[in-house]
2 protein chains.
Amino acid sequence: MTSGPAPKKADAAAATVGDVAARAGVSRATVSYTFTQPNRVSPDLRRRVLAAADELGYVGNDAARRLRVGHSLALGLLVSNMSNPVYAELAAGAEAEAAAHGRFILVANSDESPARERAYLNFFESQQVSGILAAPVGDVPAELLGLRERGTPFVLVGVAPGPHSYPAISGDNERGGYLAASHLLAQGRRRLIFIGGAHPHVDLRLAGVKRAVAESPEPAALEIIRIEVQTAKVGEAVARTLLRRSATGFPDGIVAGNDLLALGLLHGLIVGGIRVPEDLSLVGYDDIEFADFAIVPLTTIRHPSAALGASAVRILLGMESEQDTEGRFEPELVVRATSLPAPGDDA
Amino acid sequence: MTSGPAPKKADAAAATVGDVAARAGVSRATVSYTFTQPNRVSPDLRRRVLAAADELGYVGNDAARRLRVGHSLALGLLVSNMSNPVYAELAAGAEAEAAAHGRFILVANSDESPARERAYLNFFESQQVSGILAAPVGDVPAELLGLRERGTPFVLVGVAPGPHSYPAISGDNERGGYLAASHLLAQGRRRLIFIGGAHPHVDLRLAGVKRAVAESPEPAALEIIRIEVQTAKVGEAVARTLLRRSATGFPDGIVAGNDLLALGLLHGLIVGGIRVPEDLSLVGYDDIEFADFAIVPLTTIRHPSAALGASAVRILLGMESEQDTEGRFEPELVVRATSLPAPGDDA
DNA sequence: TCAAGATCGTGAATCGATTCACGGCGTTTC
DNA sequence: GAAACGCCGTGAATCGATTCACGATCTTGA
């Protein structure tokens, strides 16, 4: 309203290809080619078009673009709980890789709710994302399969390729569980508890724990405690119930399904007077940043979340295959202070 | 390929309004009205249309919808660093509120890079988000103002409405800083350091700290250490440089710009042999979940991130005004173990 | 019984970027 | 010098959902 003919930038309506074309004195097709196939247009015109676009603050309308080409530049990332640093890291890794290829990540936080998960999957479809990264949220939702049939590929992140045949990349969770339990057994711990939620990757961790116990030369007991969600709050609650046990029923080693849970357990146990690691050794899983800052720095299994996120993006973009990642995300035991050094480790 | 004519769900192409209309035996317009203005169509037809949509797995194409109506159902959230739990919490709060109104949040993680910030803002514009929540990332980017002029509103989250005139909601950072420093002064701490990055909200926290020092009846020294990013890693590095100081130059109280930084400082100081809180008191800011699990549980200022996120969404959706939030996000001192109880607190 | 009005379904235009098919113009080669 | 070819710009069709304006059907009251 106020501005004369000179500055067009501040105009209310967004500039369209038509506006740019008019200003550059070319057709709309030329403007489009300038952006999608720069070599198709001569350098001279290209410059003119780009200048006009710049002056008008042209941004393009992805809706129109998508309507025509059928898919968006975005990739969807579905996680169960963004306040778990593991997922934040996964998202950061995916995002950085996506940005490097001019792509974007849409993050959906299902908060462990299947309903929201479904809603977000629909949202992804309505957004025509060109692919979906799904971090484990229980079973593979049927919607995901439907999406694939309708042309949107997905990659499961953090779930080992198992009996299912879905594309998936993951660290070796079974081996991680095995490492954790072996570490405890090597210290002479014999009354172990595994505490974890019902996620496929957690089940694998448990399988590894079981295998370590089964292979142990000395007999050892393993108890399994199932919880709903693996949060610090739940960890504290479990610690309180544990504290009510008699000395004979009390464990001397715990493997937690993830670090968040372990941190809560640790806090609850210490508040309850348990000495860690003297009375009980604790091993977490993931090696989140805060594991090192805990009241007693947490022994845990390192899990390369950011690298997984980046790889998943490359796979969806067709720059890498599942097989290429083979053996690239090996879990690793990080011994800190919630467990005793293993007898052989006293170097 | 394998399926006969019976099940249509698994067909490759996504169903369109046209398909639904054909199946329900109505026009495309009717299908559209069924979803956008359900009362416009009679109950009978509505049922038929919904059934047909369900059978076909109809999801709708948001690109087409947006192209027509001009804006999307998504809101953009711009944060500087998603691995800071504060932002994860903010995102979760915003997301939950958005979901309650059938909206979605697009999260953009700029990683403190102005270039990526700009790229994401362009992305938001190309996505025609109906509004943007921007968590402080330094100055207000000029692009944000441009977006507003072109019709996309924004709300700054966590930045107090100051000399600028942008819509903003925030806890009272100045008061939080004041609380933190007052707490230290009340314990008899006299050689304070404030450590923080160059964010507008951190500057406010610092202003509060300065005011507390100025108002102190006993003279107290305040040193200011500026850092680039407020992460735990940087905190540890700062701790190491602090440890090289002579006893006289060593502080007896520290206010950190956020909890991540405080956690890193704490760890670095304790590893270096400093006793907390005996030798030095430390106060963080934000009260992230891990503050309570730290090697010495962290005294901090609580900051209602999730509530801020939810409010920002309501404001963008026009359900609430900036003024309504007045006084709703008051900071609160949470005394844990990194500081001495104040003399008067021995209840 | 009939006119006036309310209810509700429909055809067609529309949003903006992309891309196909066409053709004008300049260059090369015998 | 003319035919053949390649380069590059353009008009027009297209993607799918929304919404306007119209009209068909049904309801209601005198």
Side-chain angles (χ1 to χ4, degrees), chain A residues 11-50 52-53 56-74 122-123 125-128 130 150-151, chain B residues 11-50 52-53 56-74 122-123 125-128 130 150-151:
Chain A
D11 273 282
T16 73
V17 269
D19 301 332
V20 176
R23 189 177 183 94
V26 298
S27 74
R28 305 218 308 281
T30 303
V31 174
S32 179
Y33 281 127
T34 303
F35 290 105
T36 57
Q37 304 174 38
N39 293 329
R40 180 85 157 66
V41 342
S42 62
D44 179 39
L45 271 198
R46 199 186 316 155
R47 264 191 301 277
R48 244 166 64 206
V49 170
L50 291 177
L56 293 170
Y58 173 70
V59 170
N61 181 325
D62 192 53
R65 188 192 144 276
R66 261 171 48 198
L67 181 57
R68 186 64 231 245
V69 307
H71 63 93
S72 107
L73 287 175
N122 271 344
F123 177 63
E125 179 158 19
S126 77
Q127 296 301 314
Q128 298 172 290
S130 40
R150 271 172 265 128
Chain B
D11 273 283
T16 73
V17 266
D19 301 332
V20 176
R23 189 177 184 93
V26 298
S27 74
R28 306 219 308 281
T30 303
V31 174
S32 179
Y33 281 127
T34 303
F35 291 105
T36 57
Q37 304 174 38
N39 292 330
R40 181 82 158 65
V41 346
S42 61
D44 180 37
L45 271 199
R46 200 186 314 157
R47 264 191 301 278
R48 244 166 65 206
V49 170
L50 291 176
L56 292 170
Y58 173 70
V59 170
N61 181 325
D62 191 54
R65 188 193 144 276
R66 260 171 49 198
L67 181 57
R68 186 63 231 246
V69 307
H71 63 94
S72 111
L73 287 176
N122 270 345
F123 177 63
E125 178 158 19
S126 77
Q127 296 301 315
Q128 298 172 290
S130 40
R150 269 171 267 128

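Note that the coordinates shown come from a computational prediction; the quantities given were computed from them, not determined experimentally. Sequence lines set the chain letters: A, B, ... in the order given, protein chains first and strands last, and positions in each chain run from 1.
Nucleotide D:dG11 holds its P atom 9 Å from the CZ atom of A:Arg28, rounded to whole Å. One interatomic measurement links the two molecules: CD of A:Gln128 to P of D:dC15, which rounds to 13 Å at whole-angstrom precision. Rounded to whole Å, the distance from CZ on B:Arg68 to C1' on C:dA13 is 8 Å. Atom-to-atom, CG of B:Leu73 to C1' of D:dA17 comes out at 13 Å; the value is rounded to the nearest Å. Across the protein-nucleic acid pair, A:Arg66 atom CZ and C:dT19 atom P stand 15 Å apart, rounded to whole Å. Atom CG in B:Asn39 sits roughly 18 Å away from atom P in C:dA6 (whole-Å rounding). For the pair A:Asn61 CG and C:dG16 P, the computed distance is 7 Å after rounding to whole Å. Taking atom CD of B:Gln37 as the reference point, atom C1' of D:dT18 lies 9 Å away to the nearest angstrom.
Of all heavy-atom pairs between B:Asp19 and B:Ala14, the closest is OD2-O, 4.0 Å. A pairwise comparison of heavy atoms in B:Ala15 and B:Tyr58 identifies O-CD1, 3.5 Å as the closest pair. When all heavy atoms are compared, the tightest approach of B:Pro38 to B:Arg46 is O-NE, 3.3 Å. Closest heavy-atom contact between B:Ser72 and B:Ser130: O-OG, 3.1 Å.
For A:Ser42 and D:dG9, the shortest distance from a side-chain N or O to OP1 or OP2 is below 4.0 Å. Here B:Thr30 reaches the OP1 or OP2 of C:dT10: one of its side-chain N or O atoms lies under 4.0 Å away.
Within 4.0 Å of B:Gly60, counting heavy atoms only, lie sugar-phosphate atoms of the nucleic acid but no base atom. Backbone-only contact: A:Val26 has heavy atoms under 4.0 Å from sugar-phosphate atoms and none from a base. Note on A:Thr16: only backbone sugar-phosphate atoms sit closer than 4.0 angstrom, heavy atoms only; bases stay farther off.
For B:Leu67, whose side chain is taken as the heavy atoms from C-beta onward, the closest listed nucleotide among D:dG11, C:dG16, D:dT19 is C:dG16. The side chain of B:Arg40 lies closest to C:dT10 when the candidates are C:dT10, D:dT19, C:dT19. Among the nucleotides D:dT18, C:dG11, D:dG9, the one closest to any side-chain atom of B:Ala29 is C:dG11.
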Evaluation steps, side chain to side chain contact (heavy atoms under 4.5 Å, CB included), between A:Val26 and A:Val31: CA-CA 7 Å; A:Val26 298; A:Val31 174; 3.8 Å; yes
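Residues A:Pro43 and A:Ala64 both approach DNA chain D. Their nearest nucleotides, taken by heavy-atom distance, put A:Pro43 toward the 5′ side.
In the interface, the side chain of A:Tyr33 is paired with the base of C:dC20 through a donor and an acceptor atom under 3.5 Å apart.
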